**Student:** 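My structure is below; once you've seen it, I'll send some questions.
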Amino acid sequence: VSTTAISLKLFVGNIDTKYSSQWTNFFASNYRKPNLIDIHLRNKALNLIWIYSESTEKNYINNNVLYRLNLSTQFMREVKLYPLINKYTIGAIASSRCSAPLFLGFFSQNFNSLSPFRNAICFDDVLKENRYTSDFIVGHDAEFSGVGDFFKRHGNALIEDSKIITNKFELSNDQHIHDKQLLDYSFRRIIDLHNDSSHPFNITILTFDNHAPSGFPSDACKKQYGASVSNTIQCNSDLLADFIDDLKASEILKDTALIILGDHPHMSNLSIATKNRDVFAKIYTPYNMQLQTSNITPFDMAPTILESLGFEYDGASFGLGTSAYSQKITTRSLKFSSELNNSFNGAPPDVYRMLHL
């Protein structure tokens, strides 16, 4: 059965509700399909390293959990993503890169059967058009939740997952690559790409060890930190701190933007969780640019990062998003976030379905 046929079957099964008109009205009023013609390089294109840190939140009751990561990322600008929708990995990736939610009404969780935003222009399509090379490096099998297919479809990324990395380094773990191995591999790949200056590079890294329900710590992490979920999260954040310190020492960040984003809150009732379970989110660009606001939606990530790389966008919005560096974001309705939070219920409108089918 083709992906399109499966998708159609899912949509046909959706149930219209009293909320469906909210979907239609909000989407029609606010979504602007990105157009490559409207996007131009303003400055020399920077490289990009975008890290999705599995289930990493902004705050924990135990301050030690993120102590080193916060210390190593003091040079980065913190942003708050509101509202947090699509609280699963492929939903968070699609939302932040295609500037629209991966919600499909009643069957919104059936994302494995879909090719998200196959008919939309997304962030990575823009970089491909501007001759970026793209890599997607992930600690598990890239077929899980369709993340590999997404990055292959958008940007034609080289997929480097647990199977590829295990084979290259003759590792014994064939189920997933622990974050230490993943980040070591990613750093070597970044060095190689940085030394080859023929094209700017776009590397996306997705960690795994923090994954629900109880994390998957390596033996080294368990020996040094312990085996609890909070221990695993602290080990992961310390490994990220080491990785970022290595990037700074190598001077790669002189011409490279860096994004660190928790893909979603942890899918469990963490004993160390705070009341407001926001994700960890920080942005760095070597260009001297000031954010107009630090309170943004996941849909603002794509246009914000494009501008941080040296692009400018002529349109009023990119999908449902607006660059946080642009004055345009300050003119957005104060009700936008609350309307956004309440809009995606029931069956999606036809204009949204056509992005996928």
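Please read these numbers as outputs of a predicted model, since none were measured by experiment.
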**Student:** Honestly, is R332 close enough over F336, meaning NZ or CZ under 6.0 Å from the six-membered ring centre and within 45° of the axis?
**Tutor:** yes
**Student:** Please examine the side chains of Q234 and N64, heavy atoms only from C-beta on, and report whether any two atoms are closer than 4.5 Å.
**Tutor:**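 Sidechains of Q234 and N64: in contact.
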**Student:** Verify whether one side chain among S53 and N236 offers a donor that lies under 3.5 Å from an acceptor in the other.
**Tutor:**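 Yes - a donor-acceptor pair under 3.5 Å links their side chains.
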**Student:** Just checking, any donor-acceptor pair under 3.5 angstrom between side chains of D238 and Y225?
**Tutor:** yes
**Student:** Tell me whether the centres of the aromatic rings in W50 and F123 are closer together than 6.0 Å.
**Tutor:** yes
**Student:** Please round to the nearest 0.5 Å and tell me the distance separating atom CE of M267 and atom CG of N210.
**Tutor:**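 So the CE of M267 and the CG of N210 are separated by 12.5 Å.
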**Student:** Less than 4.5 Å apart, side chain to side chain, heavy atoms only: is that true for E307 and S326?
**Tutor:**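 A side-chain contact exists here, since the closest heavy-atom pair is under 4.5 Å.
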**Student:** Between L182 and I233, is there a shared hydrophobic cluster once you connect ILVMFWY residues whose side-chain heavy atoms come closer than 4.5 Å?
**Tutor:** yes
**Student:** Roughly how far, to the nearest 0.5 Å, is SG of C221 from CG of N231?
**Tutor:** 9.5 Å
**Student:** Is the backbone of I296 close enough, under 3.5 Å, to the side chain of D300 for a donor and an acceptor to pair up by distance?
**Tutor:** no
**Student:** What are the two closest heavy atoms between I165 and I137, and how far apart are they?
**Tutor:**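 Looks like CD1-CG2, 4.1 Å.
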**Student:** Identify the residue among L127, L309, L193, N47 that makes a side chain to side chain contact (heavy atoms under 4.5 Å, CB included) with N202.
**Tutor:** L127
**Student:** Once rounded to the nearest 0.5 Å, what's the spacing between atom CG of D124 and atom OG1 of T204?
**Tutor:**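 These two atoms lie 5.5 Å from each other.
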**Student:** Within the structure provided, determine whether P286 and L253 are in side-chain contact (heavy-atom separation under 4.5 Å).
**Tutor:** no
**Student:** Decide, yes or no, whether a salt bridge links D184 with K180 under the criterion of side-chain N to carboxylate O below 4.0 Å.
**Tutor:** yes
**Student:** What are the two closest non-hydrogen atoms of S55 and Y60, and how far apart are they?
**Tutor:** O-OH, 3.8 Å
**Student:** Taking the side chain as C-beta and beyond, is there a heavy-atom pair between Y313 and L306 under 4.5 Å?
**Tutor:**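 No, their side chains stay 4.5 Å or more apart.
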**Student:** Is Y82 reachable from V279 through a run of I, L, V, M, F, W or Y residues, each pair having side-chain heavy atoms under 4.5 Å apart?
**Tutor:** no
**Student:** If you look at every heavy atom in P83 and L340, which pair is closest and at what distance?
**Tutor:** CD-CD2, 3.5 Å
**Student:** Which pair of heavy atoms, one from H211 and one from F144, lies closest together, and at what distance?
**Tutor:**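 Answer, listing the atom of H211 first, then F144: NE2-CE2, 4.2 Å.
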**Student:** Can you find a side-chain donor-acceptor pair between E54 and H266 that sits under 3.5 Å?
**Tutor:** no
**Student:** Under 3.5 Å, side chain of S162 to main-chain N/O of D141, donor-acceptor pair present?
**Tutor:**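 Yes, because the side chain of S162 sits within donor-acceptor range (under 3.5 Å) of the backbone of D141.
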**Student:** Are M76 and L71 in one and the same hydrophobic cluster, where Ile, Leu, Val, Met, Phe, Trp and Tyr link if side-chain heavy atoms are under 4.5 Å apart?
**Tutor:**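 M76 and L71: separate clusters.
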**Student:** Spell out, as yes or no, whether a donor-acceptor pair under 3.5 Å connects the side chain of N276 to the backbone of D278.
**Tutor:** no
**Student:** Nearest 0.5 angstrom please: L102 CG to T89 OG1, how far?
**Tutor:**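 If I round to the nearest 0.5 Å, the distance is 11.5 Å.
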**Student:** Whether D125 and R153 form a salt bridge (side-chain N of Lys/Arg under 4.0 Å from carboxylate O of Asp/Glu) is what I want to check.
**Tutor:** no
**Student:** Is the backbone N or O of A92 less than 3.5 Å from a side-chain atom of S95, with the two atoms forming a donor-acceptor pair by type?
**Tutor:** no
**Student:** For V229 and L270: C-alpha separation, side-chain torsions, deciding distance, then whether side chain to side chain contact (heavy atoms under 4.5 Å, CB included) applies.
**Tutor:** CA-CA 8 Å; V229 178; L270 286 177; 3.3 Å; yes
**Student:** Check the angle between the aromatic planes of Y352 and W23 and answer parallel, tilted or perpendicular using the 30° and 60° thresholds.
**Tutor:**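 Taking W23 first and then Y352, their aromatic rings sit tilted (interplane angle of 30° to 60°).
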**Student:** For the pair H154 (side chain) and F117 (backbone), establish whether a donor and an acceptor sit closer than 3.5 Å, ignoring hydrogens and angles.
**Tutor:** yes
**Student:** Contact between L84 and P265 at the side-chain level, heavy atoms closer than 4.5 Å - yes or no?
**Tutor:** yes
**Student:** Give the C-alpha distance, both sets of side-chain angles, the deciding distance and a yes or no for side chain to side chain contact (heavy atoms under 4.5 Å, CB included) between I259 and Y52.
**Tutor:** CA-CA 8 Å; I259 315 303; Y52 289 94; over 6 Å; no
**Student:** As a quick check of understanding, evaluate side chain to side chain contact (heavy atoms under 4.5 Å, CB included) for N59 and L66, giving each step before the final call.
**Tutor:** CA-CA 8 Å; N59 296 297; L66 293 181; over 6 Å; no
**Student:** If the threshold is 4.0 Å, N to carboxylate O, is there a salt bridge linking D245 and K248?
**Tutor:** yes
**Student:** Do S237 side-chain atoms and V65 backbone N/O form a donor-acceptor pair below 3.5 Å?
**Tutor:** yes
**Student:** If we check side chain to side chain contact (heavy atoms under 4.5 Å, CB included) with I51, which of these qualifies: T56, L261, L258?
**Tutor:** L258
**Student:** Are the side chains of R97 and I93 in touch, meaning some heavy atoms are under 4.5 Å apart?
**Tutor:**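 Yes; the side chains approach each other to less than 4.5 Å.
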**Student:** Could you give me the CA-CA distance, side-chain angles and deciding distance for S198 and D196, then say whether side chain to side chain donor-acceptor pair (under 3.5 Å) is met?
**Tutor:** CA-CA 6 Å; S198 57; D196 176 12; 2.9 Å; yes
**Student:** Measure from the ring center of F216 to the ring center of H176 and say whether it is less than 6.0 Å.
**Tutor:** yes
**Student:** Does the side chain of T73 come under 3.5 Å of the side chain of K282 through a donor N or O and an acceptor N or O?
**Tutor:**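 Indeed, the side chains of T73 and K282 share at least one donor-acceptor pair under 3.5 Å.
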**Student:** Answer whether the closest heavy-atom distance between the side chains of R277 and H264 falls below 4.5 Å.
**Tutor:**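 They are not in side-chain contact.
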**Student:** So does L69 get a backbone contact from the side chain of S72, meaning a donor-acceptor N/O pair under 3.5 Å?
**Tutor:**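 No, because the side chain of S72 does not come within donor-acceptor range (under 3.5 Å) of the backbone of L69.
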**Student:** Would you sort out whether T232 and D209 count as a side chain to side chain donor-acceptor pair (under 3.5 Å), showing the intermediate values?
**Tutor:** CA-CA 7 Å; T232 302; D209 284 3; over 6 Å; no
**Student:** Kindly give the heavy-atom pair with the smallest separation between L46 and P200, and that separation in Å.
**Tutor:**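 That would be O-CB, 4.2 Å.
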**Student:** Please check this pair: side chain of R42 against backbone of F311, looking for a donor-acceptor N/O pair closer than 3.5 Å.
**Tutor:** yes
**Student:** Rounded to the nearest 0.5 Å, how far apart are OG of S308 and CG of L48?
**Tutor:** 7.0 Å
**Student:** Just do the side chain to side chain contact (heavy atoms under 4.5 Å, CB included) check on I205 and Y185 with the steps written out, would you?
**Tutor:** CA-CA 10 Å; I205 303 166; Y185 175 83; over 6 Å; no
**Student:** Below 4.0 angstrom, N of the basic side chain to O of the carboxylate: do D219 and K222 qualify?
**Tutor:**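 A salt bridge is present here (some side-chain N lies under 4.0 Å from a carboxylate O).
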**Student:** Looking just at side-chain N and O atoms, do D314 and H40 make a donor-acceptor pair shorter than 3.5 Å?
**Tutor:** yes
**Student:** Would the distance check show the side chain of S99 and the main-chain N or O of F318 forming a donor-acceptor pair, the cut-off being under 3.5 Å?
**Tutor:**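 A pair under 3.5 Å: yes.
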**Student:** Please find the pair of heavy atoms, one from N119 and one from M354, that lie closest to each other, and give the distance.
**Tutor:** ND2-O, 3.1 Å
**Student:** Considering only heavy atoms from C-beta outward, does the side chain of D192 approach that of F187 to under 4.5 Å?
**Tutor:**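 SC-SC contact between D192 and F187 ruled out.
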**Student:** Does NZ belonging to K152 count more than 12 external heavy atoms closer than 6.0 Å?
**Tutor:**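 Yes.
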**Student:** Donor-acceptor pair, S338 side chain versus K335 backbone, under 3.5 Å?
**Tutor:** yes
**Student:** Would you say CZ of R131 has more than 12 non-hydrogen atoms from neighbouring residues, nucleotides or ligands within 6.0 angstrom?
**Tutor:**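 No, CZ of R131 has 12 or fewer neighbouring heavy atoms, counting only those of other groups under 6.0 Å.
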**Student:** Step by step, work out the ring pair (Phe, Tyr, Trp, His ring centres under 6.0 Å) result for F75 and Y284.
**Tutor:** CA-CA 7 Å; F75 70 101; Y284 165 76; 5.0 Å; yes
**Student:** When rounded to the nearest 0.5 angstrom, what is the spacing between CE in M301 and OG in S323?
**Tutor:** 11.0 Å
